[in-house]
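Note sheet for the following structure.
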Amino acid sequence: MGKKRVAVILAGCGVYDGSELHECSATMVHLSRAGAEIQLYAPNVNQMHVVNHLTGQPTEEVRNVLVESSRIARGNIKDLPELNINDTDALIIPGGFGVAKNLSSWAVKGKDFSVEPSVETAVKKFHATKKPIGLCCISPVLAAKLIPGCELTVGHDTECEKWPYAKTAQTMVELGCKHVNKHVTEIHIDKQNKLVTTSAFMCNAAIHEIFDGIGEMVKEVLKLA
Ligand SMILES: *[C@@H]1O[C@H](CO)[C@@H](O)[C@H](O)[C@H]1NC(C)=O
Ligand SMILES: CC(=O)N[C@H]1CO[C@H](CO)[C@@H](O)[C@@H]1O
């Protein structure tokens, strides 16, 4: 068996307006260690807004998702429509508010949200060709929309200090999905849809636990590929 070729879709650079950096890095480290070939992608669209991560306040700047994502990619990234399903074995989308703000309109519209067209096309192609999809943190909302009735986890469904975004799980159920409670170092596998999810920073957890949960997700995605 040759190297597994994995596409990773980014949503910008920074937790509050883009991709969560540590989740991206964890994904890439685990893929690299497992010997996978990584190709990063992002849509060439403007960000919904730019957040000053020191103050948490939006600024007046305009930034582009592909350009910002190229920081994480060390320049090696492609515009998402260039993704060719025929030479890719699996898809992973790390979390961060960019997924809810620019890969989809979840942050603004809640359960009536839509998904950015090139992201929708990509996710649907992997699903249709029975290739595995790994999602973490908030990115399982994309599956909730695009793979009706799927099973997934965003962590726990009851809000507390450890799970500040637990309401997301309830919305998944309203969208017709089966939500499964999992700890941050665990994953949920929807075998039928080849969908692997883990909560990552949906949990108020130590960074090494996020890293380990993503490691489990990557391992399972590669096993299914
Ligand atoms: C992928 O392969 C299918 C089936 O062989 C073919 O119909 C399709 O055109 C290919 N797509 C691309 C982008 O090469
Ligand atoms: C999918 C989605 O809602 N994308 C938005 C990202 O931000 C730009 C700029 O504000 C919007 O035009 C897009 O609709």
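Read the numbers this way: they start at 1 and go in the same order the structure lists the ligands and their atoms. The first residue in the sequence is number 1, and the count goes up from there.
Using modelled atom types, one finds a donor on one side chain and an acceptor on the other under 3.5 Å when comparing N193 with H127. S118 and E116 share a side-chain donor-acceptor pair at under 3.5 Å.
There is a protein heavy atom less than 4.0 angstrom from atom 11 (N) of ligand 1. Closer than 4.0 Å to atom 14 (O) of ligand 1 lies at least one heavy atom of the protein. Less than 4.0 angstrom separates atom 4 (C) of ligand 1 from none of the non-hydrogen atoms of the protein.
Among all non-hydrogen protein atoms, the one lying nearest atom 9 (O) of ligand 1 is N86 ND2, 4.8 Å.
At a threshold of 4.5 Å between side-chain heavy atoms, the hydrophobic network of Ile, Leu, Val, Met, Phe, Trp and Tyr places V99 and Y165 in one connected group.
The pair K4-E37 does not meet the salt-bridge criterion, since no charged nitrogen lies less than 4.0 angstrom from a carboxylate oxygen.
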